[in-house]
S.K.: 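Just passing along the structure, written as structure tokens.
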Amino acid sequence: MTGALFEITFYLAAPFWLLMIFAPTWSGTARVAASPLTVLPVLAVYTVLAVPVFPELWTAVSSPDIDTFRDLTALAGGAGAVWAQVIAWDLLLGQWMYLQSRKLGLSPLLMGPLLVLTILLSPFGLLLFLAVRVARLRRRETLAA
């Protein structure tokens, strides 16, 4: 069961990513992206995976060190729980980036690849988005002056 839950975790988030990437200007996408409830199915999977390994999970987060974290992720439920947590936070991050891009008037042709990068390697996607965001905000300030 743990393997199946691990596998479906991304697919629970995928519809929201698809909307933001392939239907960015549809009004429904903005409404969906504005809701933090999109992560509830992923958090349900997280809970199912995390509860059986809660002692190990608690140890890893309350006294973090590399060996304790390695021990947690060596457990199927521990690795699955960490994966579900990453998927949930990446989705919330992607939603924020999407909403910010709409406010800033960024092109969907720019945001699509940035969101895909965020799905795959969220820290790099976020760093690039933050750089684009700063550039857009500075440009707005310059034009307003």
Side-chain angles (χ1 to χ4, degrees), residues 2-50 53 56-145:
T2 301
L5 290 173
F6 180 90
E7 294 294 326
I8 67 166
T9 301
F10 176 76
Y11 295 109
L12 293 171
F16 307 113
W17 285 107
L18 291 171
L19 278 175
M20 293 185 292
I21 294 166
F22 293 110
T25 59
W26 178 55
S27 62
T29 301
R31 283 193 305 273
V32 169
S35 174
L37 300 178
T38 56
V39 298
L40 286 180
V42 178
L43 294 179
V45 171
Y46 170 82
T47 302
V48 169
L49 292 169
V53 296
E56 294 86 352
L57 178 61
W58 180 254
T59 300
V61 299
S62 63
S63 306
D65 68 62
I66 193 70
D67 292 326
T68 305
F69 190 76
R70 189 179 303 130
D71 292 342
L72 171 65
T73 58
L75 303 170
V82 169
W83 178 247
Q85 180 176 330
V86 167
I87 295 296
W89 295 130
D90 284 357
L91 179 56
L92 286 174
L93 177 62
Q95 288 174 225
W96 176 78
M97 289 169 55
Y98 166 82
L99 293 169
Q100 285 290 298
S101 76
R102 303 307 297 156
K103 282 183 186 175
L104 295 171
L106 297 175
S107 169
L109 295 175
L110 169 65
M111 283 309 298
L114 278 174
L115 289 170
V116 170
L117 181 59
T118 302
I119 293 168
L120 301 173
L121 297 166
S122 60
F124 294 119
L126 177 60
L127 283 171
L128 282 175
F129 176 75
L130 291 174
V132 168
R133 183 176 180 268
V134 165
R136 177 54 63 102
L137 290 171
R138 284 187 180 155
R139 183 170 181 238
R140 279 189 173 181
E141 289 174 3
T142 302
L143 293 174

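FYI, the numbering just counts along the sequence from 1.
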S.K.: T38 and S35: which non-hydrogen atoms are nearest, and at how many Å?
M.R.: OG1-O, 3.4 Å

S.K.: On a heavy-atom basis, which atom in A33 and which in M20 lie closest, and how many Å separate them?
M.R.: CB-SD, 4.2 Å

S.K.: Could you measure the distance from the CG atom of L99 to the CD atom of Q95? Nearest 0.5 Å is fine.
M.R.: 7.0 Å

S.K.: Any non-hydrogen side-chain atom of F10 less than 4.5 Å from a side-chain atom of I119?
M.R.: yes

S.K.: Below 4.5 Å, heavy atoms only, C-beta onward: do L126 and L130 meet side chain to side chain?
M.R.: yes

S.K.: Tell me, do Q100 and M97 make a side-chain contact under 4.5 Å, heavy atoms counted?
M.R.: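 Of all side-chain heavy-atom pairs linking M97 with Q100, none is under 4.5 Å.
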
S.K.: Could you check if a side-chain atom of R133 sits within less than 4.5 angstrom of a side-chain atom of L104, using non-hydrogen atoms only?
M.R.: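 Touching, per the 4.5 Å side-chain cut-off.
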
S.K.: For the atom pair CZ (R138) and CG (L143), what is the distance rounded to the nearest 0.5 Å?
M.R.: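 Atom-to-atom, R138:CZ and L143:CG are 14.0 Å apart.
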
S.K.: Nearest 0.5 Å please: distance from the CG atom of L18 over to the CG atom of L115.
M.R.: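 The CG atom of L18 sits 11.0 Å away from the CG atom of L115.
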
S.K.: Does V82 reach the side chain of F69, with side-chain heavy atoms less than 4.5 Å apart?
M.R.: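 Result yes, sub-4.5 Å side-chain heavy-atom pair found.
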
S.K.: Does a side-chain heavy-atom distance below 4.5 Å link L106 with L114?
M.R.: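 Heavy-atom side-chain distance check fails, nothing below 4.5 Å.
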
S.K.: To the nearest 0.5 angstrom, please state how far the CG atom of L5 sits from the CG atom of L12.
M.R.: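 It comes to 9.0 Å.
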
S.K.: I'd like to know if the side chain of T9 reaches the main chain of A84, judged simply by a donor and an acceptor atom lying under 3.5 Å from each other, with no hydrogens or angles considered.
M.R.: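 Flag not set: sc T9 to bb A84 has no pair under 3.5 Å.
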
S.K.: Do you know the tightest heavy-atom contact between S122 and D90?
M.R.: OG-OD1, 2.9 Å

S.K.: If I compare all heavy atoms of L43 with all of A88, which pair ends up nearest, and what's the gap?
M.R.: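 Scanning both residues completely, I find the closest heavy atoms to be CD2-CB, 3.8 Å.
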
S.K.: Check whether any side-chain heavy atom of T68 sits under 4.5 Å from a side-chain heavy atom of E56, and report yes or no.
M.R.: no

S.K.: Check for me whether the distance between the ring centres of W89 and Y46 falls short of 6.0 Å.
M.R.: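 No: the rings miss the under 6.0 Å criterion.
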
S.K.: So which heavy atom on P113 is nearest to which on P108, and how close?
M.R.: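 Here P113 and P108 meet closest at CD-O, 4.4 Å.
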
S.K.: Calculate, to the nearest 0.5 Å, the distance between atoms OH and CG belonging to Y98 and L19 respectively.
M.R.: 8.5 Å

S.K.: Shortest non-hydrogen contact from T118 to G125?
M.R.: OG1-CA, 3.4 Å

S.K.: Going from CG on L40 to OG1 on T47, what distance comes out if it is rounded to the nearest 0.5 angstrom?
M.R.: 9.5 Å

S.K.: Go through the structure and list residues passing ring-ring contact (aromatic ring centres under 6.0 Å, His included) with W83, not counting sequence neighbours.
M.R.: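 W83 satisfies ring-ring contact (aromatic ring centres under 6.0 Å, His included) with F6 once adjacent residues are dropped.
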
S.K.: Does V61 form a side-chain contact (heavy atoms from CB on, under 4.5 Å) with W58? I'd like the steps, not just the answer.
M.R.: CA-CA 5 Å; V61 299; W58 180 254; 4.1 Å; yes

